[in-house]
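Starting from 1, each residue takes its place in the sequence as its number. Note that ligands are numbered from 1 as they come in the structure, with each ligand's atoms numbered from 1 the same way.
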Amino acid sequence: MKRILVTGGAGFVGSHLCTRLIEEGNEVICLDNYFTGNKKNIVHLLENHFFELVRHDITEPYYAEVDEIYNLACPASPVHYQYNPIKTMKTSVMGAINSLGLAKRVNAKILQASTSEVYGDPKVHPQPESYWGNVNPIGTRSCYDEGKRAAETLFMDYHHQNRVKVKIIRIFNTYGPNMNPEDGRVVSNFIVQALRGEDITIFGNGTQTRSFQYVDDLVEGMIRMMNSRDGFLGPVNLGNPGEFTMLELADKIIELTGSSSKIIHLELPKDDPTQRKPLIDLAKKELNGWEPKVKLEEGLVKTIAYFDELLKEEKVLA
Ligand SMILES: NC(=O)c1ccc[n+]([C@@H]2O[C@H](COP(=O)([O-])OP(=O)(O)OC[C@H]3O[C@@H](n4cnc5c(N)ncnc54)[C@H](O)[C@@H]3O)[C@@H](O)[C@H]2O)c1
């Protein structure tokens with residue numbers, strides 16, 4: 001049995017990761033300050049004696065004897081990371097330093113949840129890990145993009161300077177149950193709008209493409225990365241290379257929800273990348289043939305069921 005710390009464990013991805021790690025017979029410490037996470041996401045684990053919940057802000061040091069650390073603490077959606085950009089940068093940078101300091105002290109292996117945002121508005125398509133990116137250092141997204149880039153630097157420097165066992169994954173757009181309905185991410189936005197019968201808002205003309213990864217595929221990749229061979233540090237892309245335009249996504253969601261919502265177009269936000277798609281050859285090679293298994297429609301059906309339930313609960317409480 002391993003003792004595993006998951007920072008940001010009460011968030012969307014973290015809650016699925018904690019659940020999977022507990023199911024596999026590990027002891028899990030879930031650390032979160034509940035900025036964007038929610039106890040509801042992990043309430044089903046609270047009765048388990050091998051699950052521990054800690055309210056803590058990762059910008060402050062934290063100590064515990066652990067074998068592995070998954071560092072996920074960081075708001076991930078533009079509305080939340082732009083709410084307090086200085087705090088976002090602190091969470092990325094100081095959170096990385098505190099997590100790496102702990103890993104060094106207790107000799108734990110540590111995985112960083114980085115992001116495809118490190119590629120910025122890419123000039124290379126699709127993006128291989130060797131691409132250095134095209135990032136604006138002073139824009140509205142910079143607190144997140146540059147924070148995550150600095151965190152990757154820190155991970156590599158702790159490895160080279162202190163021999164800390166690090167792993168870096170770059171996550172591309174991921175969706176699934178437990179997403180925050182208010183975080184403005186495209187899949188949750190469209191689903192909530194469709195279920196409420198509101199207009200579906202597309203930024204720009206809707207021809208910009210994204211790839212969507214179902215959360216179970218991501219969690220599988222994260223665990224494989226943590227268990228990958230010594231000496232393989234990444235960064236490695238984890239994402240679904242299937243590409244869809246915003247219009248295709250909206251149409252699919254309208255069809256699956258049976259909604260009468262109409263599509264409307266709003267102005268494209270600044271620095272919004274027009275295209276992003278992962279190359280996953282490295283993940284396939286290093287992570288035992290890992291590749292996404294869940295088809296968009298299958299993942300959407302599960303996610304729609306989750307939001308449908310959530311909106312019904314909200315109605316009952318209103
Ligand atoms: N979901 C995606 O599509 C995606 C894509 C790329 C990268 N990521 C990365 O994966 C990680 C998890 O993302 P998510 O989608 O689950 O987001 P999320 O916002 O649902 O989860 C982040 C969690 O971190 C917690 N947190 C934030 N600041 C904290 C702090 N200072 N101290 C302690 N806890 C803090 C939040 O309360 C939340 O529970 C993030 O690091 C994110 O950058 C996610």
Side-chain angles (χ1 to χ4, degrees), residues 5-19 29-42 53-62 69-99 110-119 127 141 143-152 155 168-189 210-219 221-222 225 235-240 273 276 278 292 299 303:
L5 171 66
V6 180
T7 78
F12 157 50
V13 175
S15 58
H16 288 274
L17 179 64
C18 288
T19 306
I29 303 176
C30 166
L31 177 154
D32 211 291
N33 71 349
Y34 305 118
F35 173 44
T36 50
N38 196 319
K39 267 193 193 164
K40 268 190 177 174
N41 293 340
I42 33 92
L53 187 57
V54 179
R55 182 188 288 266
H56 183 82
D57 193 307
I58 200 60
T59 57
E60 301 292 337
Y62 174 76
I69 304 169
Y70 288 85
N71 186 37
L72 273 62
C74 186
S77 66
V79 249
H80 288 120
Y81 70 63
Q82 287 166 358
Y83 171 75
N84 183 344
I86 297 172
K87 175 73 190 215
T88 300
M89 188 60 119
K90 278 188 182 170
T91 296
S92 270
V93 174
M94 291 162 70
I97 291 172
N98 289 330
S99 304
I110 179 166
L111 179 145
Q112 167 67 357
S114 189
T115 169
S116 57
E117 300 277 337
V118 299
Y119 300 122
Q127 292 85 51
R141 304 171 81 103
C143 59
Y144 184 71
D145 303 3
E146 297 289 18
K148 289 285 189 181
R149 287 169 70 95
E152 286 197 10
F155 267 67
I168 300 174
I169 56 167
R170 290 183 179 153
I171 305 172
F172 284 66
N173 262 355
T174 303
Y175 71 99
N178 296 358
M179 288 180 91
N180 183 328
E182 309 300 335
D183 72 7
R185 282 191 258 187
V186 63
V187 175
S188 49
N189 250 12
R210 289 289 182 277
S211 58
F212 303 102
Q213 165 175 239
Y214 189 65
V215 65
D216 289 356
D217 286 328
L218 170 61
V219 167
M222 292 174 96
M225 181 57 175
V236 63
N237 290 337
L238 292 180
N240 192 326
R276 208 183 270 142
T303 313

Nearest protein heavy-atom contact for atom 4 (C) of ligand 1: which residue, which atom, what distance? Ile171 CG2, 3.9 Å

re atom 43 (O) of ligand 1, the protein heavy-atom contact at minimum distance is Tyr144 OH, 2.6 Å

Would you kindly specify which portion of Lys148 sits under 4.0 Å from ligand 1, judged on non-hydrogen atoms: side chain, backbone, both or neither? side chain

Note the single closest protein heavy atom to atom 40 (C) of ligand 1, along with its residue, its atom name and the distance in Å. Leu72 O, 3.2 Å

Could you go through Ser99 and Ile110, starting from their C-alpha distance and side-chain angles, then the distance that decides it, and tell me whether this counts as side chain to side chain contact (heavy atoms under 4.5 Å, CB included)? CA-CA 8 Å; Ser99 304; Ile110 179 166; 3.6 Å; yes

Looking only at distances, please establish whether an N/O atom of ligand 1 is found under 3.5 Å from an N/O atom of Phe35. yes

Let me see the working for Asn240 and Phe212 under side chain to side chain contact (heavy atoms under 4.5 Å, CB included), right down to the final yes or no. CA-CA 6 Å; Asn240 192 326; Phe212 303 102; 5.9 Å; no

Mind checking whether Asn33 contacts ligand 1 via backbone (N, CA, C, O), side chain (CB onward), both or neither, at a 4.0 Å heavy-atom cut-off? both

Out of Arg185, Lys39, Arg210, whose heavy atom sits nearest atom 15 (O) of ligand 1? Arg185

Heavy-atom closest contact (Phe155 atom, Ala96 atom, distance): CE1-CB, 4.1 Å

Count the heavy atoms of every other residue, nucleotide or ligand shown that sit under 6.0 Å from OH of Tyr83, and state whether that count exceeds 12. no

Note the single closest protein heavy atom to atom 18 (P) of ligand 1, along with its residue, its atom name and the distance in Å. Thr36 OG1, 3.7 Å

Nearest heavy atom to atom 23 (C) of ligand 1 wins, so pick from Gly147, Gly8, Ser15. Gly8

Over 60° means perpendicular and under 30° means parallel, so tell me whether His56 and Tyr62 are parallel, tilted or perpendicular. tilted

Going by the atom numbers of ligand 1, which of them fall below 4.0 Å from some non-hydrogen atom of Asn173? 3 (O)

Just which atoms of ligand 1 are under 4.0 Å from any heavy atom in Ala10? 39 (O)

At what distance is the nearest protein heavy atom to atom 31 (N) of ligand 1, and which residue and atom is it? Asp57 OD1, 2.9 Å

Which atoms of ligand 1 are found less than 4.0 Å from any heavy atom of His56? 32 (N), 33 (C)

For the pair Thr7 (side chain) and Ala73 (backbone), establish whether a donor and an acceptor sit closer than 3.5 Å, ignoring hydrogens and angles. yes

Within 4.0 Å of some non-hydrogen atom of Ala73, the atoms of ligand 1 are 24 (O), 33 (C), 34 (N), 35 (C)

Can you report which non-hydrogen protein atom sits closest to atom 16 (O) of ligand 1, along with the distance? Val13 N, 2.8 Å

Report the part of Ser114 in contact with ligand 1, treating N, CA, C, O as backbone and CB onward as side chain, heavy atoms under 4.0 Å; options are side chain, backbone, both, neither. backbone

With a 4.5 Å cut-off on side-chain heavy atoms, are Arg55 and Asp32 touching? no

Nearest heavy atom to atom 3 (O) of ligand 1, choosing from Asn180, Asn98, Val187, Thr174, belongs to Thr174

If only atom types and distance count, is the side chain of Ser77 paired as donor or acceptor with the main-chain N or O of Asp183 below 3.5 Å? yes

Any N or O of Asn71 closer than 3.5 Å to N or O of ligand 1: no

Got a donor-acceptor contact below 3.5 angstrom from the Asn41 side chain to the Ser15 backbone? no

For Thr36 and Asn180 the tightest heavy-atom approach is O-ND2, 3.7 Å

Could you tell me, atom by atom, which parts of ligand 1 come under 4.0 Å of a heavy atom of Gly37? 36 (C), 37 (O), 38 (C), 39 (O)

Given that the side chain starts at C-beta and the backbone is N, CA, C, O, which of these parts of Lys90 lies under 4.0 Å from ligand 1, counting heavy atoms, or is it both or neither? neither

On the 0 to 90° scale, with breaks at 30° and 60°, tag the Tyr175-Tyr214 ring pair as parallel, tilted or perpendicular. perpendicular

Give me the nearest non-hydrogen protein atom to atom 25 (C) of ligand 1 as residue plus atom name, then the distance to 0.1 Å. Asp32 OD1, 3.4 Å

Expected output: side-chain His80 to main-chain Glu182 donor-acceptor under 3.5 Å: no

Which of the atoms in ligand 1, numbered in the order shown and given with their element, are less than 4.0 Å from a heavy-atom of Phe12? 1 (N), 15 (O), 16 (O), 20 (O)

Nearest-neighbour protein heavy atom for atom 32 (N) of ligand 1, which is reported as residue plus atom name and distance: Ile58 N, 2.9 Å

When rounded to the nearest 0.5 angstrom, what is the spacing between OH in Tyr81 and CZ in Phe35? 12.5 Å

Which bit of Tyr34 is near ligand 1, meaning a heavy atom under 4.0 Å away: side chain, backbone, both or neither? backbone

With side chain to side chain contact (heavy atoms under 4.5 Å, CB included) as the criterion, how do Met94 and Glu60 come out once you've worked through the C-alpha distance, each side chain's angles and the decisive distance to 0.1 Å? CA-CA 8 Å; Met94 291 162 70; Glu60 301 292 337; over 6 Å; no

Residue pair Lys148 / Ser92: nearest heavy atoms and the distance that separates them: N-OG, 3.9 Å

Closest to atom 22 (C) of ligand 1 by heavy-atom distance, out of Ala76, Gly11, Gly95, Cys74, is Cys74

